[in-house]
Amino acid sequence: MQYKAIVLDVDGTLVAHGEPSARPAVAAAVKAVQKKGVKVVIASGRTSFAVEPAILGGIKPDYLICANGAQLLDGQGRLLSSQDMTAEEMYALVDFFEDFDYPLAFCFGDKYYVYVEYKAMKDFYQSATGHGEYVADGEDQDRHLESMPCGAFAILPPEKVADFQERYGYLGLKFVPYRPGYYDVMQADVDKTKGMERLMKLTGWKPEELVFVGDNDNDVAMMGLAGCSYCMGSGSEKAKAAAKYIAPGVQEEGVRQVLEELFLK
């Protein structure tokens, strides 16, 4: 099979948790595959500004699927499509999180703006990614008057997700765990697969021509779509169950090992 594109998650896949960028050997393997004519697609829960080449170890992707599929961009960073949250969805999240003082950030086109508990959210993002500069204090809660966000990130006890859904379940918002207690929040019809399907319409790629590598619950649908899918050995149990193959963990540079096996022998 001649694969036409490799589709890569970022956190926990291309970039190890707590590290500021992809390791040089991992980035070099991706670039070597790209030189062979295989297209590189980044498919991340991060919004577009947070997947710049420096974080990717100098990788310059051909396309980006960001904010868990809500944003689709070309290699020059031009926005091809975007799906934004509604004011009703935003206000429901803010009302609930303010009731309990749980940290809540919204993903806008330029930064993450924290509407509730700014310091706690920034401290988490700095420790988890090494890039706290992408987190802005939005506690005046007026950033959405300029434009709407394409998603949210929330910190709350797992049992409180059910409480939110009991009160606001009619909105259909999904809480997808980054890890227990930390959630990407998105509209019901937003996921990486939807973004990939939009890209496939543009490029003409077929599922069997795709290699996908991911590690977490928000990658499960992509595992099923791609003809060849790998879950990192350090990934979630749901992602492992959905993938066709298991790769070495992110600390073992699993992406590099997969690409060497498939493309660089």
Side-chain angles (χ1 to χ4, degrees), residues 1-15 17 26 30 33 38-47 51 61-73 80-83 150-151 153 161 165 172-180 182-250 252 254-259 261-263:
M1 169 59 64
Q2 180 62 48
Y3 297 116
K4 292 186 176 179
I6 53 172
V7 187
L8 301 170
D9 171 55
V10 176
D11 296 289
T13 301
L14 191 65
V15 180
H17 293 299
V26 174
V30 176
V33 172
V38 179
K39 300 300 183 183
V40 172
V41 181
I42 294 297
S44 176
R46 295 181 181 223
T47 47
V51 286
D62 298 284
Y63 297 97
L64 299 100
I65 298 166
C66 297
N68 288 299
Q71 296 177 315
L72 175 62
L73 302 95
L80 302 178
S81 68
S82 180
Q83 183 169 333
C150 56
F153 188 80
V161 175
Q165 296 297 13
L173 291 173
K174 297 186 296 188
F175 285 67
V176 179
Y178 171 77
R179 64 188 193 213
Y182 300 82
Y183 297 89
D184 289 313
V185 185
M186 63 201 80
Q187 293 171 316
D189 60 346
V190 169
D191 62 41
K192 293 182 182 180
T193 302
K194 297 295 192 302
M196 191 69 228
E197 289 172 344
R198 288 194 291 271
L199 180 55
M200 289 165 66
K201 288 181 180 178
L202 292 174
T203 60
W205 296 334
K206 299 175 182 178
E208 60 267 26
E209 295 171 330
L210 306 176
V211 177
F212 175 70
V213 190
D215 78 306
N216 215 335
D217 290 11
N218 64 343
D219 296 318
V220 167
M222 273 297 302
M223 301 287 188
L225 174 67
C228 180
S229 61
Y230 288 83
C231 180
M232 307 298 284
S234 48
S236 73
E237 292 306 312
K238 285 185 178 179
K240 288 179 182 177
K244 296 175 177 64
Y245 306 102
I246 305 299
V250 65
E252 290 72 51
V255 167
R256 173 185 59 79
Q257 294 194 51
V258 166
L259 297 184
E261 177 68 24
L262 292 178
F263 299 100

Distance-only, no hydrogens or angles: does the [X] side chain make a donor-acceptor pair with backbone N or O of [Y] under 3.5 Å?
{"X": "S234", "Y": "G249", "value": "no"}
{"X": "Q257", "Y": "E252", "value": "yes"}
{"X": "K39", "Y": "Y63", "value": "no"}
{"X": "D191", "Y": "T193", "value": "yes"}
{"X": "D62", "Y": "V40", "value": "yes"}

How close do [X] and [Y] get, counting heavy atoms only, and between which atoms?
{"X": "S236", "Y": "D217", "value": "OG-OD1, 2.7 Å"}
{"X": "A67", "Y": "V190", "value": "O-CG1, 4.1 Å"}
{"X": "Y3", "Y": "V38", "value": "O-CG2, 3.9 Å"}
{"X": "M200", "Y": "K206", "value": "CE-C, 3.9 Å"}
{"X": "C150", "Y": "A70", "value": "O-CB, 3.6 Å"}
{"X": "S44", "Y": "D9", "value": "CA-OD1, 4.2 Å"}

Drop me the distance from [X]'s [atom1] to [Y]'s [atom2], to the nearest 0.5 angstrom.
{"X": "M186", "Y": "N218", "atom1": "CE", "atom2": "CG", "result": "6.0 Å"}
{"X": "M222", "Y": "L8", "atom1": "CE", "atom2": "CG", "result": "10.0 Å"}
{"X": "M196", "Y": "I65", "atom1": "CE", "atom2": "CD1", "result": "5.0 Å"}
{"X": "K238", "Y": "N216", "atom1": "NZ", "atom2": "CG", "result": "10.0 Å"}
{"X": "C228", "Y": "E209", "atom1": "SG", "atom2": "CD", "result": "13.0 Å"}
{"X": "F175", "Y": "D184", "atom1": "CZ", "atom2": "CG", "result": "11.0 Å"}

Checklist line | From CA spacing to verdict: side chain to side chain contact (heavy atoms under 4.5 Å, CB included), H17, D215 | finding: CA-CA 11 Å; H17 293 299; D215 78 306; 4.1 Å; yes

Check: Would you call K240-E237 a salt bridge at under 4.0 Å N-O?
Finding: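 A salt bridge is present here (some side-chain N lies under 4.0 Å from a carboxylate O).
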
Checklist line | Ion pair D11/R46, N-O distance below 4.0 Å | finding: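 The answer is yes: the pair qualifies as a salt bridge.
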
Margin query: Any heavy-atom pair between the side chains of L72 and L202 that's under 4.5 Å?
Written below: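 With C-beta onward as the side chain, the pair touches.
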
Item checked: Steps toward side chain to side chain contact (heavy atoms under 4.5 Å, CB included) verdict (D219, K192) -> CA-CA 7 Å; D219 296 318; K192 293 182 182 180; 2.5 Å; yes

Check: What's the verdict on side chain to side chain contact (heavy atoms under 4.5 Å, CB included) for V7 and W205, showing C-alpha distance, side-chain angles and the deciding distance?
Finding: CA-CA 12 Å; V7 187; W205 296 334; 5.9 Å; no

Note to self: Does F263 form a side chain to side chain contact (heavy atoms under 4.5 Å, CB included) with V211? I'd like the steps, not just the answer.
What the structure shows: CA-CA 11 Å; F263 299 100; V211 177; 4.2 Å; yes

Notebook entry, point to check: Applying the side chain to side chain contact (heavy atoms under 4.5 Å, CB included) test to L14, which of V250, I42, V213 qualifies?
Noted result: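 When side chain to side chain contact (heavy atoms under 4.5 Å, CB included) is applied between L14 and each of V250, I42, V213, only I42 qualifies.
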
Check: Would you find more than 12 non-hydrogen atoms of other residues, nucleotides or ligands less than 6.0 Å from K174 atom NZ?
Finding: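 Result for NZ/K174: enclosed.
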
